[in-house]
2 protein chains.
Amino acid sequence: MNVVNNSPRRRELIRVAAQLFVQEGFDRTTVRMLAQEMGIKSGSLFHHFRDKQEILCAVIEEGTHNALSIAHEALAQCDGGAEARLHAMARAHLETLLTDRNAHVVALYEWRRLDEASRDHLGHLRDAYEQLWQEVIGDALEAGLIRGDKFLVSRFVLGALNWTVRWYDPAGAYSPDALASELIGMLGAPAATPA
Amino acid sequence: MNVVNNSPRRRELIRVAAQLFVQEGFDRTTVRMLAQEMGIKSGSLFHHFRDKQEILCAVIEEGTHNALSIAHEALAQCDGGAEARLHAMARAHLETLLTDRNAHVVALYEWRRLDEASRDHLGHLRDAYEQLWQEVIGDALEAGLIRGDKFLVSRFVLGALNWTVRWYDPAGAYSPDALASELIGMLGAPAATPA
DNA sequence: CATTTACACTAGCGCTTGCTTGGTTAGCCT
DNA sequence: AGGCTAACCAAGCAAGCGCTAGTGTAAATG
């Protein structure tokens with residue numbers, strides 16, 4: 001009936017779906033609502049996606065994929081200093097949380113509605129992202145920038161960052177860059193570290 | 001038809017509902033599933049609750065109420081030191097996240113499914129809890145224990161703590177007490193602060 | 001003893017859900 | 001010109017949804 005293609009139309013539909021999933025939640029979003037927002041009829045939806053589940057999976061995949069590539073890019077454009085790398089990661093995380101906000105909110109709040117196969121597939125993507133964080137945090141620990149257990153610190157930091165979707169207003173006083181600095185300032189050993 | 005009573009039976013039903021809401025999500029949990037898990041028929045459910053929404057509200061209210069009273073109790077049993085108070089709050093938060101885990105997970109992930117009236121009512125409870133945190137964090141800042149903006153630090157810390165429901169295994173290496181210490185150790189200025 | 005109350009049951013109404021079916025249209029390739 | 005295909009539509013099915021109405025019953029209350 002349909003294909004698992006990667007057409008620009010599909011991209012557009014995924015964006016629309018992400019917004020609706022955030023507004024209403026996955027379960028409350030009906031295929032009819034999705035279709036209406038996309039400007040088609042509900043039957044036509046199943047030309048683009050096998051079923052409703054696949055839409056959810058596509059939304060989350062896109063968001064996580066973007067987060068990963070933005071993080072890699074941020075690290076690549078960054079000199080070797082552990083503090084600079086840590087800052088770049090935090091800033092990249094906050095920026096993708098803004099630009100792909102809908103997709104990330106869906107990933108955070110609708111993860112459990114994925115079926116087992118999708119959860120497994122997307123889990124690997126997410127693990128890759130978290131491992132990147134653990135490397136950067138591990139380096140910061142070795143450099144004496146912060147203190148604690150590598151895994152614990154990674155989880156605390158990711159928790160603090162992901163929680164920002166609940167309260168962060170990009171029109172407010174803090175830019176993603178400034179917010180990243182505030183977070184690292186809160187964590188770090190004092191600015192002047194002994195030689 | 002029914003009352004808004006506070007019977008022990010109702011308590012039990014709320015506990016069962018919380019577990020089901022975590023397992024399946026609020027929208028996917030049908031009144032028939034709830035009834036079956038409670039050992040009654042679906043029609044009987046509406047003797048105890050006006051509608052499905054009221055069950056969700058009751059679950060979250062119980063969890064938030066417990067968190068508040070546990071936090072107050074922890075602060076009361078604590079000498080006046082800012083660090084001790086901070087530790088007590090973090091530990092209390094982690095403990096209520098364990099003992100009332102289901103209710104808190106529901107509060108975190110199903111908040112948006114509340115109707116406006118319930119969201120308003122429960123919002124006040126939650127605000128009271130967050131304000132308690134802001135006071136304790138404000139004191140810790142004044143004592144030079146940690147650095148940063150009061151509101152920012154509060155949000156970062158609450159984010160880190162709430163995120164633990166995703167990964168924390170109480171059977172693992174860390175007790176709530178130890179985990180609270182790790183968090184504060186990560187934040188704090190070094191143990192020996194310059195005079 | 002009569003009445004009320006609390007709790008549970010059976011039966012089902014009216015509606016919405018995800019998804020299928022069978023068919024049409026417009027543009028592209030040869 | 002003829003054929004292929006991606007994209008869409010109208011109509012509707014079977015299942016499941018929240019919730020209601022009306023009834024039964026055992027214990028508490030007057």
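Sequence order on DNA chain C of the closest nucleotides to Met33(A) and Gly43(A) puts Met33(A) first from the 5' end.
For Arg155(A) and Trp133(A), the positive end is not near the middle of the six-membered ring at less than 6.0 Å and at most 45° from its axis.
As rounded to whole Å, 11 Å separates atom P of dC7(C) from atom CZ of Arg10(B). The distance from atom CD1 of Ile40(A) to atom C1' of dA10(D) is 14 Å, rounded to the nearest whole Å. Whole-Å rounding puts the Gln36(A) CD to dA10(D) P distance at 13 Å.
Residue contacts shown for Lys52(A) are limited to sugar-phosphate atoms, with no base heavy atom under 4.0 Å away.
Between the Gln53(B) side chain and the Arg113(B) main chain, a donor and an acceptor come within less than 3.5 Å of each other. For Tyr168(A) (side chain) and Tyr174(A) (main-chain N/O), a donor-acceptor pair under 3.5 Å exists by modelled atom type.
Under 3.5 Å, the side chain of Arg32(B) and the base of dG16(D) form no donor-acceptor pair of N or O atoms.
In this structure, His93(B) has its ring center closer than 6.0 angstrom to the ring center of Tyr129(B).
The phosphate of dA7(D) has neither OP1 nor OP2 within less than 4.0 Å of any side-chain N or O from Ser44(A).
Among the nucleotides dT20(D), dC19(C), dC8(D), the one closest to the side chain of Phe46(B) is dT20(D). Distances from the side chain of His47(B) to the nucleotides dC9(C), dC8(D), dA6(C) place dA6(C) closest.
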